[in-house]
Protein chains: 2
Amino acid sequence: MVEIVILGLLMQGKMSGYDIKKVAEQSVGLFIKMSYGSLYPALKRLAGEGDVIEEDTNDAKNRKLYAVTEQGGRRFLAWLGEPLQTNKREHLLKIFFYDHLDEPTRKRNLTNLEQTLQRSIAEMEAVQSVVEKELDQLEDKDDYYYRVSVMHYGLQFFRMEREWLTQIIAKEAFKNESNRRL
Amino acid sequence: MVEIVILGLLMQGKMSGYDIKKVAEQSVGLFIKMSYGSLYPALKRLAGEGDVIEEDTNDAKNRKLYAVTEQGGRRFLAWLGEPLQTNKREHLLKIFFYDHLDEPTRKRNLTNLEQTLQRSIAEMEAVQSVVEKELDQLEDKDDYYYRVSVMHYGLQFFRMEREWLTQIIAKEAFKNESNRRL
DNA sequence: TCGAGCATGTAACAAGTTACATGATTTC
DNA sequence: GAAATCATGTAACTTGTTACATGCTCGA
């Protein structure tokens, strides 16, 4: 995970480890945290495997700059093109970097995720209506109020995610259409 | 985390490790995963510390039943009463178990979280309007489409969470009012 | 009787955090 | 000149997963 974030951020240009952390906080910081204790070892690993090159700037601060190699770029793009899965918010990380991915793969993966989400939502709605009916027959249903609320959260969360996806897919289509006209 | 989930689920009655996993999947499974490799060692730890008691049922399946001790109950309730923080979805886990918490603490923690969220949203809206303006002055703004989309996701996510919170706070107030009338 | 599922457990590994160490530079 | 922040790094620890091992039971 850390390694992929590093590669993704370095796709925009060379940076020091220190800068990578700062940029990460300002961009993907909302859903991914990185500490120096994982960052620096990851940079060493990436350099050892040839995915990035380490460059000593002998400037005043003794910084080291890192840049992706073509091998590293291929590795990153291979990861980026994989199907989107909602596990552990990795899909958000992928979509964050989607400007680097080709349009057809992008569209395919996004609509696939949208459909998967749609199925999950339908399933959850079915489960919830059953639960709701069972609950109505209990006298002590107030005792399950928060458990049920968190179940509702799940549904609202999935719906929000689906709507967001639908929006970005629609806007991308519109964007492409406009650009073709120019 | 695993230990807390176990304690929380056991608050509803004694269960085997195997059952704990099944119940967890059906309830908190959406945002928390547990494997046997973490579950069983956690049960041993909890038993060693006196937070649960292990009871050998010498039934056909050679099951072991676990139940919370009063010490374990205190530990769980202490955790449950802590302020809600959105980190790592721990707040969802807490709220899931909120039926076990007293109403005043519940209300206090929920409204505190609501206010914190409200501040985050205001802050994000400010940041986004600045970013949006800067973006409008670029010719290649399509190259940042997905990065910006994920930023929008953040805002939508926070808003959804706030609205959900507002709803459950309002409904709880209504619930209390109705019960007082009886 | 055979396979699915019940039931418990461990060892090796993975991935990351926390706390510490060190030193230079910039800013007030 | 002191404090903040730039800059890099390591060692110990935490937490969890994966893969394996083992054996029992229940229904088709």
Side-chain angles (χ1 to χ4, degrees), chain A residues 1-10 14-26 28-49 51-67 75 79 85 87-90 93, chain B residues 1-10 14-26 28-49 51-67 75 79 85 87-90 93:
Chain A
M1 194 84 301
V2 198
E3 298 184 12
I4 283 294
V5 177
I6 292 171
L7 287 177
L9 294 178
L10 288 181
K14 50 172 75 169
M15 269 188 290
S16 65
Y18 190 84
D19 284 336
I20 289 172
K21 178 143 191 286
K22 283 186 63 179
V23 172
E25 278 165 6
Q26 293 160 16
V28 289
L30 263 184
F31 48 97
I32 290 202
K33 313 286 170 194
M34 252 196 310
S35 62
Y36 291 126
S38 58
L39 176 60
Y40 284 114
L43 278 170
K44 292 295 164 192
R45 281 197 303 276
L46 287 168
E49 290 160 14
D51 288 332
V52 303
I53 36 161
E54 190 180 289
E55 179 192 319
D56 269 32
T57 77
N58 291 315
D59 63 1
K61 291 175 184 169
N62 237 335
R63 294 190 305 152
K64 290 179 184 174
L65 292 185
Y66 293 89
R75 181 179 154 195
W79 169 83
Q85 293 184 324
N87 291 333
K88 295 183 300 164
R89 294 173 167 191
E90 199 182 303
L93 189 61
Chain B
M1 194 83 300
V2 197
E3 297 184 14
I4 282 293
V5 177
I6 292 173
L7 288 177
L9 294 177
L10 289 180
K14 51 174 73 170
M15 269 188 288
S16 64
Y18 191 84
D19 285 336
I20 290 172
K21 178 143 192 286
K22 282 185 64 179
V23 173
E25 278 165 6
Q26 292 161 16
V28 289
L30 263 183
F31 48 97
I32 288 202
K33 313 287 169 193
M34 251 196 310
S35 63
Y36 291 126
S38 58
L39 176 59
Y40 284 114
L43 278 170
K44 294 294 164 193
R45 281 197 304 275
L46 286 168
E49 290 159 12
D51 288 332
V52 303
I53 36 163
E54 189 180 289
E55 179 192 320
D56 268 32
T57 76
N58 292 316
D59 64 0
K61 292 175 184 168
N62 237 333
R63 294 190 306 153
K64 290 178 185 174
L65 292 185
Y66 293 89
R75 181 179 154 194
W79 170 82
Q85 292 185 325
N87 290 335
K88 294 183 299 165
R89 296 173 166 190
E90 199 182 301
L93 188 62

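Note that the structure is a prediction, hence the values are computed from the model and not measured. So that the names make sense, note that chain A is the first sequence line, chain B the second, and so on, each numbered from 1.
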Side chain of [X], heavy atoms from C-beta onward: which of [options] has the nearest atom to it?
X: B/S16; options: C/dT10, C/dA7, D/dT8; result: C/dA7
X: B/R63; options: C/dT25, C/dT8, D/dT8; result: C/dT8
X: B/S35; options: D/dT17, D/dG9, D/dT25; result: D/dT17

Ignoring hydrogens, what is the shortest heavy-atom contact between A/V52 and A/L43? Give both atom names and the distance.
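Shortest heavy-atom separation between A/V52 and A/L43 comes out as CG2-O, 4.1 Å.
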
Spacing between [X] atom [atom1] and [N] atom [atom2], to the nearest angstrom:
X: B/D19; N: C/dG5; atom1: CG; atom2: P; result: 16 Å
X: A/M34; N: C/dG16; atom1: CE; atom2: P; result: 10 Å
X: A/E90; N: C/dG16; atom1: CD; atom2: C1'; result: 16 Å
X: B/K88; N: C/dT17; atom1: NZ; atom2: P; result: 10 Å
X: B/Y36; N: D/dT18; atom1: OH; atom2: P; result: 14 Å
X: A/K33; N: D/dT14; atom1: NZ; atom2: C1'; result: 19 Å
X: B/N87; N: C/dT17; atom1: CG; atom2: P; result: 12 Å
X: B/Y66; N: C/dA7; atom1: OH; atom2: C1'; result: 11 Å

Side-chain donor or acceptor of B/K33 paired with backbone N/O of B/G29 under 3.5 Å:
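Yes: the side chain of B/K33 pairs with the backbone of B/G29.
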
Does [X] put a side-chain nitrogen or oxygen below 4.0 Å from OP1 or OP2 of [N]?
X: A/S38; N: C/dA15; answer: no
X: B/Y40; N: C/dT8; answer: yes
X: A/K61; N: C/dA24; answer: no
X: A/Y18; N: D/dT8; answer: no
X: A/K64; N: D/dA7; answer: no

Looking for any heavy atom pair under 4.0 Å, which part of the strands does B/G37 touch: base, sugar-phosphate only, or nothing?
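Base contact.
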
Go through the steps to decide whether B/M1 and B/K88 satisfy the test side chain to side chain contact (heavy atoms under 4.5 Å, CB included), and finish with yes or no.
CA-CA 10 Å; B/M1 194 83 300; B/K88 294 183 299 165; 5.6 Å; no

A side-chain contact here means heavy atoms from C-beta on lying under 4.5 Å apart; do A/L93 and A/W79 qualify?
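The answer is yes; the side chains approach within 4.5 Å.
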
Side-chain contact test, heavy atoms from C-beta onward, threshold under 4.5 Å: evaluate it for B/D19 versus B/R63 and give yes or no.
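When only atoms from C-beta onward are counted, B/R63 and B/D19 do touch, with a gap below 4.5 Å.
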
Comparing B/K22 and B/E54 on DNA chain C - which has the more 5′ nearest nucleotide:
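Per heavy-atom nearest nucleotide, the more 5' residue is B/K22.
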
